Amino acid sequence: MTTHAAHSAGRALQAARLTDDLIITGEAVALEVRPAAFLLRVVSGLIDAAAYAAVLLALAVGVLGSLGDLNEARVTAVSIATLAGVVVVAPTVVETLSRGRSLGKAATGIRIVRDDGGPIRLRHAFTRSLTGFGELWLTAGSVAVMTALLNGRGKRLGDLLAGTYAVRTRGADRKAPPLLMPPELEDWARGADIRAMPDGVALAARRFLDRTGTLDPASREQLGRQLAARVEPLVAPPPPWGTHPERFLAAVLVARRDREYAVGLRARDTLATTTAELRRLPFQLG
């Protein structure tokens, strides 16, 4: 796709108000979201900081008290380990298991998502937590505040490095119906090689398909062709000749959704099997 065509597609997306701030759930349902307000992020951060500080203090007192007399080197080592566990490990585990939420975020109604709107994973949460040790704890949040004020989505430094940002959902009443695979493209989609899409392209296509009924027919046709032209180079082989752009986009999105869901199921089954084996292991020793 040429640069001119890409710019034209971008203008068409803006004209149709197809924003990229969406969360796609595991059922391929699009939730319209907006970046969380700066004050909400501050309040969320203060709640989290207070919670982790309380846990850190309680652990430090409990650990040092239980170990009895220690020399200065051991006290320093225990303090560093406790600090790392509470400030880096704990937030990483919490945000990974809760898919981007913490105590403060739950209280303020916000969530951390990837730049493409998807849920964060372990590497995103770890990057945010590790960076947060410097920009939040060592600098009392000053670096995070300055960075967030200069960013359109209110990102702190950890978000910039992890490729994430904070959003506030508008509610379940804005859910769009799930997409269905066009029957005539089912066999093609099953064997097609679908590469990863750039951030925003899949979301723009999903948003377009949700709003086709509200668009002017001429704009709908133009926008559908432009989006299909952006997606087609990422798919091999190409769809059958004469496939309607909207049917093509729906087939690609449904195929991606089903494949990601299958991968998630396999990972869950593998984890369950491994966990069961580890639980039986001690009783088989000796």
Side-chain angles (χ1 to χ4, degrees), residues 1-33 113-121 123-124 153 160 162-165 176-264 266:
M1 187 175 185
T2 64
T3 303
H4 176 71
H7 288 318
S8 298
R11 289 194 297 269
L13 287 171
Q14 293 176 356
R17 297 181 180 178
L18 303 181
T19 61
D20 290 341
D21 289 333
L22 301 174
I23 292 178
I24 304 299
T25 68
E27 295 76 24
V29 174
L31 303 181
E32 188 176 358
V33 297
V113 299
R114 302 194 308 260
D115 282 340
D116 63 1
I120 65 172
R121 303 187 186 280
R123 62 184 179 87
H124 303 100
R153 283 181 167 180
L160 293 174
T164 59
Y165 73 113
L179 289 177
L180 299 177
M181 173 66 72
E184 71 276 13
L185 297 178
E186 187 172 358
D187 291 338
W188 166 81
R190 187 180 298 112
D193 179 19
I194 303 175
R195 289 185 290 168
M197 295 185 182
D199 292 348
V201 174
L203 295 173
R206 183 66 170 94
R207 182 74 164 186
F208 164 71
L209 293 175
D210 291 340
R211 293 193 173 183
T212 52
T214 64
L215 298 176
D216 175 77
S219 298
R220 174 177 173 176
E221 181 179 359
Q222 178 190 13
L223 186 55
R225 293 183 181 279
Q226 290 172 342
L227 285 171
R230 298 179 67 181
V231 174
E232 188 171 2
L234 306 174
V235 181
W241 178 260
T243 298
H244 194 280
E246 293 177 20
R247 310 285 283 181
F248 165 65
L249 292 173
V252 171
L253 293 183
V254 171
R256 291 178 72 244
R257 175 199 68 193
D258 292 347
R259 291 176 186 182
E260 290 179 0
Y261 184 66
V263 170
R266 288 196 295 270

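Everything numeric in this text was worked out from a predicted model, so none of it was measured.
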Nearest heavy-atom pair of [X] and [Y]: which atoms, and what distance?
| X | Y | result |
| --- | --- | --- |
| Glu246 | Phe208 | CG-CE2, 3.7 Å |
| Pro183 | Arg247 | CD-NH2, 3.8 Å |
| Leu249 | Ala205 | CD2-CB, 4.3 Å |
| Glu232 | Pro239 | OE2-CD, 4.2 Å |
| Ala251 | Met181 | O-CE, 3.5 Å |
| Gly224 | Pro245 | O-CB, 3.5 Å |

When you measure from the side chain of Arg195 to the backbone of Pro233, do you find a donor-acceptor pair of N or O atoms at a distance under 3.5 Å?
yes
Is the backbone N or O of Thr164 less than 3.5 Å from a side-chain atom of Arg114, with the two atoms forming a donor-acceptor pair by type?
no
Do the side chains of Asp187 and Arg190 get close enough for a salt bridge, i.e. N-O under 4.0 angstrom?
yes
Report yes if some heavy atom in the side chain of Arg206 is under 4.5 Å from a heavy atom in the side chain of Leu179; otherwise report no.
yes
Could you tell me if the side chain of Pro182 sits less than 4.5 Å from the side chain of Phe248, heavy atoms only?
no
Does a sphere of radius 6.0 Å around CZ in Arg259 hold more than 12 heavy atoms from other residues, nucleotides or ligands, not counting ones at 6.0 Å or beyond?
yes
Can you tell me how far the [atom1] atom of [X] sits from the [atom2] atom of [Y], to the nearest 0.5 Å?
| X | Y | atom1 | atom2 | answer |
| --- | --- | --- | --- | --- |
| Leu180 | Glu186 | CG | CD | 11.0 Å |
| Gln222 | Leu227 | CD | CG | 10.5 Å |
| Leu253 | Asp258 | CG | CG | 11.0 Å |

Quick one: side chain to side chain contact (heavy atoms under 4.5 Å, CB included) partners of Glu260, sequence neighbours excluded?
Arg256
